[in-house]
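The structure appears below as structure tokens.
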Amino acid sequence: MIALLWINLDYAASVVLFCIGLYCVVTKNNLIKKFIGLNIMETAVFAFIVALGVVEGGDAPIMGADANAPFTNPIPQALILTGIVVAVSTTALALSLIIRIYQHCGTIEADELREME
Amino acid sequence: MKRALTVALLVVVAIPLLYAVAQLPQHGSPMTPPYTHISPRYLEKGPEEAGAENIVTDVILNYRGFDTNGEVTVIFTSLAAVCAVLLGSRKGDERPAGEPSSSAVPVSDVVSFVVRLLSPLIAIFAVYVMLFGHISPGGGFQSGAILAALVIVTTVIVGRKQAEALVPVRIRRLLQVAAPLTFFVVGVSGLFLFGDYLAYPKTEGQMWLATAWLIVIGIGIGVGGAAVLASIFWTMGDDS
């Protein structure tokens, strides 16, 4: 399995990145740090899907006069472009909610918030 | 105990994922499933069929235009949601005293000078990325991000009042909906000219119109996206 993972090192790297993000979400107490963890997990998924479209020695999928095959797969790139936009939107909304929590409770530490209930 | 549980969770998540990843076809081989179905056709026919040499632009704005149309609505909705959350009730703030205000730390002269030096170049780059998204890497979303970064860094340097004065509120409202609006206009033009919402011209002679529409949507997304991102930044910094 290690040998197989070595061949697919790019995919394995995104799994590791995903786990780092999960670690942040689970262990960090600060809401913003938790959310950064979530963003790292998103990035891991994006990196994984873009890596799926890579072709050995492939050019960017732009057809010009001097373009020559093979080209990388344009579909994962297009999908991830959309995904990034959604990620930005959710990040903005989550941060504004965190700002609101801070205005109301004066803290964004998860355990202090739990005590307040 | 808690630490052990965390490690256990990470291992439980990582092992199946790594196992699955190890079974995938070799990285970079042209025989992977995502490469063997529809991509060859897009790569082969894209420029003649969809109007742009950049296949990624073809896919997001033409082949999957509906998807991107929903997408720009999503970023506009996120701006609306941010405004609803933050601008709702101003009273009842119980913030701790002694919070540093934004003017507490003056911006360093070096940073200020470099930003002033670079901002025209950043602006030109953003416009280039916006207008040439159909023949070179780039497009609406990317240039929107660059423009928004320029606006945000300018806000940090010259202060919010001056930066906001560049874009009056009435124009800003229009710019914020620019992306969904251009999509709607192009979509309805397609409806009237070719019989379907977001239908693009298909025949050889009308390819220039498809390219023109791609550029128009690119400009719309770029300007609209930048306006949305900058507005989100300004809304969040409202009380500092």
Side-chain angles (χ1 to χ4, degrees), chain A residues 1-5 7-12 14-16 18-20 22-23 26-27 48-49 51-58 60-64 67 69-79 81-82 84-86 88-93 95-97 99-100 102-107, chain B residues 2-3 6 9-10 13-14 17-19 21-24 26-30 32 34-35 38-39 42-43 46-47 53-60 63-64 67-68 71-72 74-75 77-79 81-82 85-86 88 92-96 135-137 139 141-142 145 225 229 232 235-236 239:
Chain A
M1 179 164 155
I2 299 294
L4 282 173
L5 275 182
I7 293 172
N8 284 337
L9 193 62
D10 304 57
Y11 304 151
S14 42
V15 170
V16 172
F18 185 87
C19 289
I20 293 173
L22 187 64
Y23 170 81
V26 172
T27 58
F48 173 68
I49 297 179
L52 276 177
V54 170
V55 173
E56 199 70 53
I62 296 169
M63 306 297 159
F71 296 102
T72 44
N73 193 342
I75 296 175
Q77 299 187 10
L79 292 183
L81 193 61
T82 359
I84 290 171
V85 175
V86 173
V88 167
S89 308
T90 51
T91 306
L93 184 56
L95 286 179
S96 64
L97 286 173
I99 292 175
R100 208 78 187 112
Y102 182 72
Q103 285 173 349
H104 264 278
C105 310
T107 177
Chain B
K2 209 174 167 190
R3 188 163 292 178
T6 313
L9 172 72
L10 288 179
V13 171
L17 285 180
L18 285 175
Y19 183 74
V21 152
Q23 310 296 318
L24 286 174
Q26 190 184 349
H27 173 74
S29 102
T32 51
Y35 203 74
I38 201 164
S39 314
Y42 282 175
L43 287 169
E53 286 177 1
N54 185 349
I55 307 293
V56 177
T57 307
D58 281 338
V59 173
I60 61 167
Y63 289 121
R64 293 173 191 223
D67 191 11
T68 314
E71 202 59 39
V72 294
V74 165
I75 51 170
T77 312
S78 87
L79 171 68
V82 167
V85 169
L86 287 179
D93 284 9
E94 298 171 27
R95 268 171 297 154
I135 45 172
S136 68
F141 288 116
Q142 294 89 328
L229 289 178
I232 287 175
T235 312
M236 282 186 181
D239 48 11

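Note that the structure is a prediction, hence the values are computed from the model and not measured.
Side-chain contact between A:Ile62 and B:Ile55: absent, with no pair of heavy atoms (C-beta onward) separated by less than 4.5 Å. Proximity of B:Val21 to A:Phe48: side-chain heavy atoms (C-beta onward) are separated by under 4.5 Å at one or more points.
For the residue pair B:Ile75 and A:Ser89, the shortest heavy atom distance occurs at CG2-OG, 3.3 Å. The nearest pair of heavy atoms linking B:Tyr35 to A:Thr72 is CE1-C, 4.0 Å.
Chain A forms more heavy-atom pairs under 4.5 Å with one residue of B:Ile232, B:Asn54, B:Thr77 than with any other, namely B:Asn54. The choice from A:Leu52, A:Thr82, A:Leu5 that makes the most heavy-atom pairs within less than 4.5 Å of chain B is A:Thr82. Of the residues considered (B:Val59, B:Leu24, B:Leu17, B:Ile60), B:Leu24 shows the highest number of contacts with chain A, using heavy-atom pairs under 4.5 Å. Most heavy-atom pairs under 4.5 Å with chain B, from the set A:Thr90, A:Asp10, A:Leu9: that is A:Asp10. Ranked by heavy-atom pairs under 4.5 Å with chain A, the list B:Ile38, B:Leu79, B:Leu43 is led by B:Leu43.
Looking at A:Leu79, only its side chain comes within 4.5 Å of chain B, counting heavy atoms on both sides. Looking at A:Asn73, the atoms closer than 4.5 Å to chain B (heavy atoms on both sides) sit in the backbone and in the side chain alike. Only the side chain of A:Thr27 has a heavy atom closer than 4.5 Å to any heavy atom of chain B. Heavy-atom distances place both the backbone and the side chain of B:Leu18 under 4.5 Å from chain A. Both the backbone and the side chain of B:Tyr19 have a heavy atom closer than 4.5 Å to some heavy atom of chain A. With a 4.5 angstrom heavy-atom cutoff, A:Val16 does not touch chain B via any of its atoms. With a 4.5 Å cut-off on non-hydrogen atoms, A:Val26 touches chain B through its side chain but not through its backbone. Using a 4.5 Å cut-off between heavy atoms, B:Arg64 touches chain A through its side chain atoms alone. With a 4.5 angstrom heavy-atom cutoff, B:Tyr42 touches chain A only via side-chain atoms. The part of A:Leu81 that comes within reach of chain B is its side chain, from C-beta onward, which places non-hydrogen atoms under 4.5 angstrom from that chain. Proximity to chain B involves both the backbone and the side chain of A:Ala51, based on heavy atoms less than 4.5 angstrom apart.
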**Request:** Report the C-alpha distance between A:Ser96 and B:Met236 in whole Å, list the side-chain angles of each, state the deciding distance to 0.1 Å, and finish with yes or no for side-chain contact (heavy atoms from CB on, under 4.5 Å).
**Result:** CA-CA 7 Å; A:Ser96 64; B:Met236 282 186 181; 4.1 Å; yes
**Request:** Could you check A:Val85 against B:Val74 for side-chain contact (heavy atoms from CB on, under 4.5 Å), going step by step and ending with a plain yes or no?
**Result:** CA-CA 8 Å; A:Val85 175; B:Val74 165; 5.7 Å; no
**Request:** For side-chain contact (heavy atoms from CB on, under 4.5 Å), just list the numbers for A:Phe18 and B:Val13, CA-CA rounded to whole Å, side-chain angles, deciding distance to a tenth of an Å, and then say yes or no.
**Result:** CA-CA 9 Å; A:Phe18 185 87; B:Val13 171; 4.0 Å; yes
**Residues B:His27, A:Asn8; criterion side-chain hydrogen bond (donor to acceptor under 3.5 Å, both in side chains); working and verdict** = CA-CA 5 Å; B:His27 173 74; A:Asn8 284 337; 5.7 Å; no
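If you take OH on A:Tyr11 and CD on B:Gln26, they are separated by 9.0 Å, rounding to the nearest 0.5 Å. Atom OG of B:Ser78 is separated from atom CG of A:Leu93 by 7.5 Å, given to the nearest 0.5 angstrom.
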